[in-house]
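We name chains A, B, ... by the order of the sequence lines, and we start the count at 1 in each one.
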Amino acid sequence: MNSFENLIAESVAATGVFRAEEVLALLSIPQETTHGNFSLPCFALAKTLRKAPKVIAEELAAKLKLPAGISKAEPVNGYLNFFIDREFLARSVLSEIAEDKLSFGHAALKQKNVVIDYSSPNIGKELAFHHLRSTMIGNSLARIYKASGYNVIRINHLGDWGTAFGKLIVMYLRENRATDEKTLDSLTVKELNILYAAFSKAAALEPNLEEEARAAFTKLESGDAFYRKLWEAFRAATLKELMRIYKMMGVEFDHYTGESFFENQIPAVLEELKEKNLLVKSQERDVVMLDEFDLPPCLIRKSDGSTLYATRDLAAALYRKREYDFARCLYVVDLGQSLHFKQVFHVLQKMGYEWYQDMVHIPFGVILQKNEEGKWEKGKTRTGNSNLLRDVIEAASEKILAYINEKNPNLENKAEVATQIGISALTFNDLKNRRLMDVKFDWDSALSFDGATGPYVQNAHVRLCSIMRKADYESKAEDVSWEHLADDYAYELVKILARKGDRILQACEAEEPSILAQYALEIAEAAHRFIHHDRVLGSPEEKSRLFLVQGTQLVLENVLDLLGLFPIRAM
RNA sequence: GCAGAUGUGGCCAAACUGGAUAAGGCAUCUGGCUACGAACCAGAAGAUUCCAGGUUCGAGUCCUGGCAUCUGCACCA
């Protein structure tokens with residue numbers, strides 16, 4: 001599509017009224033299809049040319065020599081509207097898709113590294129439902145960056161260090177649990193979850209328990225072998241369950257370098273901060289002042305000497321720059337933590353690292369649920385509803401499976417497909433709106449099968465695959481009569497497919513998966529319409545239409561994949 | 001109090017970054033399966049884009065001032 005814009009810009013520039021760059025900047029894609037494929041507003045020049053925009057557009061249209069592929073340039077109310085030749089567009093787009101297959105619309109390799117930090121749950125707890133956001137936004141951004149030509153390093157910055165482990169250790173020992181290797185090996189996250197709950201309950205009655213937990217963590221941090229052993233067992237137990245869920249969701253990471261990984265790099269960070277005279281004592285704690293940025297100080301070390309979130313993030317940032325020399329380093333973390341990231345980035349700036357500018361917080365809104373009064377509320381679920389991710393996924397899968405049993409009982413791998421549709425439905429519900437918006441979650445719309453949903457998009461893909469299966473041959477560009485792909489339904493679909501590259505670029509620049517989610521809906525809608533109105537198999541246009549079906553299937557499959565949805569072929 | 005995010009039909013929301021008649025979905029109402037998969041399609045109805053000013057050919061979008069909801073603000077991560 002870019003090439004069309006360039007062609008238009010050149011031909012308009014040849015009239016001498018606009019410069020090519022001006023045309024490219026002004027050229028837009030109208031919402032109304034009756035206004036053509038591209039539109040050039042002529043208002044900006046009205047003053048300098050001392051002519052009405054309407055007249056400028058008319059004169060331009062008269063002088064213009066139409067470039068190849070543009071069938072018409074029509075002046076309307078001060079706009080000059082360009083219409084692409086339908087057959088020309090179908091031929092150029094579909095031939096390119098047939099050539100590039102799934103990578104149609106992807107950008108050329110850039111030799112640049114992008115680090116993406118996402119999911120990053122705390123060890124010792126099971127994944128909660130709200131973890132879906134960071135996990136799936138990060139997962140999609142990683143895929144989008146890859147399609148945009150970057151080398152992506154996916155990092156799960158596990159919360160596997162900190163006072164929380166003091167709590168677990170205190171509680172574990174207090175309950176006199178066995179500490180032999182066999183028992184520790186068979187620990188499960190469930191047990192750890194129960195320990196946490198027990199700690200909170202006990203701490204409410206005995207305030208000094210919090211103190212004990214902090215002391216236990218300090219002991220762990222100072223290298224106590226026995227405490228270390230317990231910690232390792234807690235970590236391993238959680239990681240096992242985490243990996244199981246990630247695998248089920250189709251989410252992968254290159255590194256599980258959590259906070260503990262940076263433990264031994266912290267002294268060097270403290271040393272460097274001291275050397276650069278940034279560390280200030282305040283109420284027995286070490287902080288970096290950020291007054292010049294109108295921010296509260298960044299807390300580096302507690303009064304008992306142990307470190308904090310920010311300290312470890314600093315160590316991690318330095319390590320990542322050293323190890324991966326990133327062009328960009330993303331933190332997919334909820335909006336509530338923007339202050340923390342601002343502080344960390346500014347500390348890096350004060351340390352003299354120019355690349356602090358490449359560090360980006362990718363914030364997103366929280367998941368809200370309806371309470372009894374019908375108001376949207378954060379976090380807490382209604383009584384009886386679990387907020388564990390695995391339970392939500394299971395409930396989703398069950399609902400889908402029941403539906404499959406009703407609609408298509410002979411489907412192979414029913415249970416597996418149901419899980420994939422369920423996860424995709426939850427994911428799509430999460431990605432379909434701009435990430436800064438809070439997700440208003442309710443079961444009915446998140447798991448509904450129709451409308452702007454995951455199943456709607458997957459169903460379009462399934463129907464396309466079904467037609468291809470039945471046709472049982474591959475249509476080639478040579479088989480196609482392009483005039484068979486010039487009717488309204490085919491043309492609208494081709495027009496949407498043509499924009500794939502634009503949409504990926506846009507999603508990457510805005511770091512916004514919802515742009516591709518909306519695009520997936522556009523494709524699905526046009527595809528459903530096309531195969532509903534234009535009979536493929538057995539029609540005189542069969543081979544031509546099949547070529548469009550094939551191209552649409554490839555584009556949709558890849559877009560689903562970029563979103564982290566399962567592009568299933570039968571449901 | 002300070003800072004950030006959000007505010008668009010009954011509900012959820014989009015708008016290519018300042019362009020033409022403000023998408024789409026849910027819910028409601030009408031039609032369409034002996035039909036390449038109806039998890040679909042076709043149609044109807046529903047809007048002072050939170051309020052007040054401003055900038056300009058043109059504002060949901062930019063500026064100023066309000067209002068409302070949510071979140072964060074030093075020893076959790």
Note to self: Please tell me if A:R301 has a side-chain N or O lying less than 4.0 Å from either OP1 or OP2 of B:A74.
What the structure shows: no
Item checked: Heavy-atom donor-acceptor pair, A:D334 side-chain to B:A5 base, under 3.5 Å -> no
Margin query: Side chains of A:V17 and A:L49, heavy atoms from C-beta outward: is any pair under 4.5 Å?
Written below: yes
Check: Who does B:A59 pair with, Watson-Crick or G-U, both distances under 3.5 Å?
Finding: none
Note to self: Of the listed nucleotides (B:A74, B:G24, B:C36), which one gets closest to any side-chain atom of A:V287?
What the structure shows: B:A74
Checklist line | Base of B:A20 paired with side chain of A:S39 (donor-acceptor, under 3.5 Å) | finding: yes
Margin query: Within the supplied structure, the quantity of interest is the number of heavy atoms (other residues, nucleotides, ligands) at a distance under 6.0 Å from A:R50 CZ; does it exceed 12?
Written below: no
Notebook entry, point to check: If you look at every strand shown and take non-hydrogen atoms under 4.0 Å, does A:E284 touch a base, only sugar-phosphate, or nothing?
Noted result: nothing
Item checked: Opposite nucleotide pairing with B:G9, Watson-Crick or G-U, both atom distances under 3.5 Å -> none
Margin query: With a 3.5 Å limit on both atom pairs, tell me what B:A14 is paired to, counting Watson-Crick and G-U wobble, or say none.
Written below: none
Checklist line | Distance test, side-chain N/O of A:R434 to OP1/OP2 of B:A5, below 4.0 Å | finding: no
Notebook entry, point to check: Of A:S338 and A:K440, whose nearest nucleotide on RNA chain B comes first from the 5' end?
Noted result: A:S338
Next item on the list: Quick one: look up who B:A27 pairs with, Watson-Crick or G-U, both distances under 3.5 Å, and put none if it's unpaired.
Entry: none
Check: Roughly, in whole Å, what's the span from OH in A:Y309 to P in B:A74?
Finding: 15 Å
Next item on the list: Under 4.0 Å between any heavy atoms, over every strand shown, what does A:N77 touch: base, sugar-phosphate, or nothing? Just pick one.
Entry: nothing
Check: Using a cut-off of 4.0 Å on non-hydrogen atoms, how would the nucleic acid contact of A:T163 be classed: base, sugar-phosphate, or nothing?
Finding: sugar-phosphate
Next item on the list: Output the single nucleotide from B:A13, B:A74, B:G37 whose closest atom is nearest the side chain of A:N433.
Entry: B:A13
Check: Any salt bridge between A:R535 and A:E542, counting N to O under 4.0 Å?
Finding: no
Margin query: What is the distance, to the nearest angstrom, from the CZ atom on A:R535 to the C1' atom on B:G32?
Written below: 16 Å
Next item on the list: If the glycosidic angle is within 90 degrees of 0 it's syn, otherwise anti, so just tell me which one B:C73 is.
Entry: anti
Next item on the list: For A:R214, report the nucleic acid contact type (base, sugar-phosphate, nothing); a contact means any heavy atom under 4.0 Å.
Entry: sugar-phosphate
Note to self: Measuring to OP1 and OP2 of B:C16, would you say a side-chain N or O of A:R499 lies under 4.0 angstrom away?
What the structure shows: no
Note to self: I'd like to know if A:R499 pairs up with A:E522 as an ion pair, taking the criterion as any Lys NZ or Arg NE/NH1/NH2 lying under 4.0 Å from an Asp or Glu carboxylate oxygen.
What the structure shows: no
Notebook entry, point to check: Considering only B:G19, B:C41, B:A74, which nucleotide approaches the side chain of A:F43 most closely?
Noted result: B:G19
Item checked: Short side-chain N/O contact from A:R312 to OP1 or OP2 of B:A77, under 4.0 Å -> yes
Notebook entry, point to check: Who does B:G37 pair with, Watson-Crick or G-U, both distances under 3.5 Å?
Noted result: none
Checklist line | Base-pairing mate for B:A74 - Watson-Crick or G-U, with both contacts under 3.5 Å | finding: none
Notebook entry, point to check: So which nucleotide from B:U21, B:G19, B:C40 ends up closest to the side chain of A:N459?
Noted result: B:C40
Check: Partner of B:U64 by Watson-Crick or G-U wobble geometry, both contacts under 3.5 Å, or none?
Finding: B:A52
Note to self: So, OP1 or OP2 of B:G24: does either fall under 4.0 Å of a side-chain N or O from A:K432?
What the structure shows: no
Next item on the list: Check every strand shown and say whether A:N81 touches a base, only sugar-phosphate, or nothing at a heavy-atom separation below 4.0 Å.
Entry: base
Margin query: If you take the centroid of each ring, where Trp contributes its six-membered ring, are A:F262 and A:W161 closer together than 6.0 Å?
Written below: no
Margin query: Mind checking if A:H532 touches a base, just sugar-phosphate, or nothing, with heavy atoms under 4.0 Å?
Written below: base
Next item on the list: Any chance you could lay out the salt bridge (Lys or Arg N to Asp or Glu O under 4.0 Å) test for A:E557 and A:R569, step after step, and finish with the verdict?
Entry: CA-CA 10 Å; A:E557 178 179 347; A:R569 288 168 192 278; 3.0 Å; yes
Next item on the list: For A:A570, answer base if it contacts any base atom (sugar-phosphate contacts may also be present), sugar-phosphate if it contacts only those atoms, and nothing otherwise; contact means non-hydrogen atoms under 4.0 Å.
Entry: base
